[in-house]
Number of protein chains: 2
Amino acid sequence: MPERKRLTLKDLAAEINVHYSTVSRVMNPATRHLVADDVAARILEVAEARGFRPNRIAAGLRTQRSGLVGVVLPDIANPVFPPILAGIEAVLAQQGYVPIVVNAGLDKVRQRFVIDQLVGRQVEGLLLATAEREDPILDYCLKQRIPAVMINRGEDAGRASCVVSDNLLAMRLTVDHLVALGHRRIGHIAGPAALSTGYQRREGFLQAVRRHRLRREAWQVVEADSYSREAGRQACARLFADFPGMTAIAAGNDLIAMGCYDYLREHGLCCPADISVVGHNDMPFVDALTPPLTTVRIPVHQMGEDAARLLLQQIGAPASPPVTVELVPELIVRGSTAPPPAPH
Amino acid sequence: MPERKRLTLKDLAAEINVHYSTVSRVMNPATRHLVADDVAARILEVAEARGFRPNRIAAGLRTQRSGLVGVVLPDIANPVFPPILAGIEAVLAQQGYVPIVVNAGLDKVRQRFVIDQLVGRQVEGLLLATAEREDPILDYCLKQRIPAVMINRGEDAGRASCVVSDNLLAMRLTVDHLVALGHRRIGHIAGPAALSTGYQRREGFLQAVRRHRLRREAWQVVEADSYSREAGRQACARLFADFPGMTAIAAGNDLIAMGCYDYLREHGLCCPADISVVGHNDMPFVDALTPPLTTVRIPVHQMGEDAARLLLQQIGAPASPPVTVELVPELIVRGSTAPPPAPH
DNA sequence: CTGAAAGCGCTTACAG
DNA sequence: CTGAAAGCGCTTACAG
């Protein structure tokens, strides 16, 4: 017959006739050597047989370490996040930590609420994928001395560690590719300027365009309201209105690129014959679109791993100075880019 | 200057000159009325000012309720899960619960390990999206009396609650649609038979085919090794080899359907002109494929909500009998289905 | 090498 | 209405 209640150290100790502190020492590999081999073996055996699993929460209360890390996402439905999560989980698990992931949305008030929940649950640190360039949430974490590292998006002041992709390089690769194909009228749909990714990719676009000495009439930038397919579609419409004769679009991310696809289809334009499109992120399945999307691959899994590692370091040494890890992106050329249509 | 350590009830009580049990009563809305209004107001005010958040872990230790629920996923990279997670999170949050989601993979040994971790962290119940028709993990939960409800996939014995979609109906809708278009040679790529979804959808396919009195030569089934794009591509190849003249494929899920797209493209076949394809799940962005995928939409968000609700109920009343909630799916007709090519 | 004790931060019967 | 006390399940100095 299965037991009704969960076993405790005391239950087990009573069964074996030792003090429960001895059982405690045996259950923890680090203190196991303090106990005589034969009694340790017996305790382990009974623990195994009875399926005893020490209460990590009680232990955490005593040791002041919950083994919990909060992961704050702006939008779990964005397919970039699953691989990042996988990377986070992998390194946390190695250290006996477990992530609590929450979908915090875009609203700072709600984010703050959600973080308070996490802090109330004694998370030892926070992984923030929600940061803006000036982020009140990060101010809050800093003030409360909650270890936090930002993922993918950084803040301007650089007061906390973050793991990002090299957005300037990414846009250089993008524009180089487009120019090499012969494009001379290139539009950029930037992500929100309040986000470091939106801001830096736009900067990268501008730098790249200057490097190629393109005249002011040769490029144009519009900003999407958000990183979403629908916002991409709308921004694409504005871009066409502002910038007739455009032959290529560098989209702020893949969702925006998908919005461009939607717009093009609705307006009977053919990609890449009429217009080339480049995305950003290489999120899952964009290779299955028609045409397969040329995009910038960012090392998402590693991004998660590195961020988790940095956070664990910071939890271990709270005073350590912030570090920024910049990962190297890669242009993945697929079918959505081609030479511009011949002028007639 | 920010405080170094987290505040406790005692810290706050000392500051206000009341007993800490009084502070405790005020912090909990349910017991607040036991305290005089004026002192309650004062305590609340100071708590707010100092940013005090009671330690939920300590409270949980005392009350034997962690407020934690484990969510066990086979593969977080599958885009069906984010919306399910969103549904789960929404209802859990209402009740002050928080999910811990883990990516447990397909291996039962690893799943067991992961669940032990969760149990050690005192989760009050488990939401399993990993169930097979005969699932050792579920045996384990039942034996340990861990409240558990299955999502999307059920077990044959029906010993635990689950929330699924009506797979028989789904396949009936699929086959009806294909037959109505004029198809008379229809293949099905089933998901793994060890999973209830794979098994039931295949059953549904067989029932539907019989209802239409299709002769044995008019249909064919092959089984994919897993619910993945690559397994779908391989199974598609086998299906074409086994079943020449096929004009339509009912895929076990959208990932498998994407594998079919891959196969068709590689072999110069055109969908839907040469062959129609129907998916299952309506996962995000399959409307952006070319052609947009005709598929069965399952109410994923609601699936998450219902499962979380059932689990909460079961946590509240552990003895209650298992219930199966069957949600109604809907066929979403898009561009991947059309009448079969005219015979020549 | 093992035991006895204190204490992590709470909740909640029990007094008063 | 408020306080004092016990106890949730652990860990870990401190004795012996």
Side-chain angles (χ1 to χ4, degrees), chain A residues 3-44 47 50-68 96 117 119-124, chain B residues 3-44 47 50-68 96 117 119-124:
Chain A
E3 50 271 26
R4 292 233 61 113
K5 296 211 48 98
R6 286 181 187 173
L7 289 171
T8 69
L9 283 181
K10 281 186 186 164
D11 298 332
L12 223 65
E15 211 165 303
I16 314 182
N17 264 313
V18 293
H19 191 87
Y20 68 93
S21 59
T22 302
V23 181
S24 168
R25 284 189 267 259
V26 171
M27 294 313 294
N28 179 185
T31 49
R32 187 129 71 216
H33 68 277
L34 296 171
V35 175
D37 285 351
D38 55 332
V39 357
R42 202 154 115 269
I43 290 173
L44 248 12
R50 313 260 352 235
F52 171 62
R53 280 175 309 276
N55 184 332
R56 285 279 273 120
I57 282 200
L61 179 60
R62 173 59 228 238
T63 59
Q64 303 282 58
R65 321 193 67 241
S66 64
L68 259 21
Q117 294 278 318
V119 172
R121 291 209 137 79
Q122 311 306 112
V123 294
E124 296 181 37
Chain B
E3 50 272 22
R4 291 232 62 112
K5 296 212 48 99
R6 285 178 188 173
L7 288 171
T8 70
L9 283 181
K10 281 186 186 165
D11 298 331
L12 223 67
E15 212 164 302
I16 314 181
N17 264 313
V18 292
H19 190 87
Y20 67 92
S21 60
T22 303
V23 181
S24 169
R25 284 189 266 259
V26 172
M27 293 314 294
N28 179 186
T31 50
R32 184 128 73 218
H33 69 274
L34 295 171
V35 175
D37 286 350
D38 55 334
V39 0
R42 200 150 120 273
I43 290 172
L44 247 15
R50 314 266 343 241
F52 171 61
R53 280 174 309 278
N55 183 334
R56 284 280 274 119
I57 282 199
L61 180 60
R62 172 60 227 238
T63 57
Q64 302 283 56
R65 321 194 67 241
S66 65
L68 258 21
Q117 295 278 318
V119 172
R121 290 209 139 78
Q122 311 305 112
V123 294
E124 295 182 38

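Proteins get letters first, then strands, A, B, ... in listed order; numbering begins at 1 in each. Because the structure is predicted, anything quoted here is derived from the model rather than measured.
Judged purely by atom type and a 3.5 angstrom limit, A:D11 uses its side chain to pair as donor or acceptor with the backbone of A:T8. A donor-acceptor pair is defined here as one N or O able to donate and one able to accept, closer than 3.5 Å; no such pair exists between the side chain of B:R25 and the backbone of B:R32. Here the side chain of B:T22 pairs no donor or acceptor atom with the backbone of B:V18 at under 3.5 angstrom. Checking side-chain atoms of B:R42 against main-chain N and O of B:I16 turns up a donor-acceptor pair under 3.5 Å. With hydrogens and angles ignored, the 3.5 Å screen pairs no side-chain donor or acceptor of B:S66 with any backbone N or O of B:G60.
Side chain of B:V18, nearest nucleotide from C:dC10, D:dC10, D:dG3: D:dG3. Distance from the side chain of A:N55 is smallest to D:dC10 among D:dC10, D:dT2, C:dC10. Between D:dT11, D:dG7, D:dG9, one nucleotide has an atom nearer to the side chain of B:R62 than all others, and that is D:dG7. The listed nucleotides are D:dC10, D:dG9, D:dA4; the one nearest the side chain of B:S21 is D:dA4.
Atom CG of A:L61 is separated from atom CD of A:Q64 by 7.0 Å, given to the nearest 0.5 angstrom. Distance check, rounded to the nearest 0.5 Å: CD1 of A:I57 to CZ of B:R56 gives 9.0 Å.
For A:K10 and D:dC10, the NZ to C1' distance is 9 Å, given to the nearest whole Å. For A:L12 and D:dT11, the CG to P distance is 13 Å, given to the nearest whole Å. The separation between A:R121 atom CZ and C:dG9 atom C1' is 15 Å, rounded to whole Å. Across the protein-nucleic acid pair, A:I16 atom CD1 and C:dT2 atom C1' stand 14 Å apart, rounded to whole Å. Rounding to whole angstrom units, OH of residue A:Y20 and P of D:dT12 are separated by 13 Å. Counting to the nearest Å, the C1' atom of C:dT12 and the CD atom of B:Q64 are 13 Å from each other. Here C:dC10 presents its C1' atom at 9 Å from CZ of B:F52, a figure rounded to the nearest Å. Taking atom CZ of B:R6 as the reference point, atom C1' of C:dG9 lies 13 Å away to the nearest angstrom.
For D:dG3, the base has a donor-acceptor partner in the side chain of B:R25 [N/O atoms by modelled type, under 3.5 angstrom]. Side-chain atoms of A:R56 stay outside donor-acceptor range of the base of D:dG9, with no qualifying N/O pair under 3.5 Å.
Of all non-hydrogen atoms in B:V123 and A:R6, the two that sit nearest each other are O-NH2, 3.1 Å. In this structure, B:L12 and B:F52 approach most closely via the heavy-atom pair CD2-CD2, 3.7 Å.
Contacts between residues 31-39 of chain B and DNA chain C, defined by a heavy-atom separation under 4.0 Å, are absent.
For C:dC10, the OP1/OP2 oxygens have no side-chain nitrogen or oxygen of B:S24 closer than 4.0 Å.
Looking at heavy-atom distances under 4.0 Å, A:T63 makes contact with sugar-phosphate atoms alone, never a base.
Nearest-nucleotide assignment on DNA chain C puts the 5′-proximal partner with B:L61, out of B:L61 and B:H19. Projected onto DNA chain D by closest heavy-atom contact, A:N28 and A:T8 fall at different nucleotides, the more 5' of which corresponds to A:T8.
In DNA chain D, the stems built from three or more successive Watson-Crick or G-U pairs (distances below 3.5 Å) are C:1-3 with D:14-16, C:5-12 with D:5-12, C:14-16 with D:1-3.
Around CZ of B:R53, the count of heavy atoms belonging to other residues, nucleotides or ligands within 6.0 Å exceeds 12.
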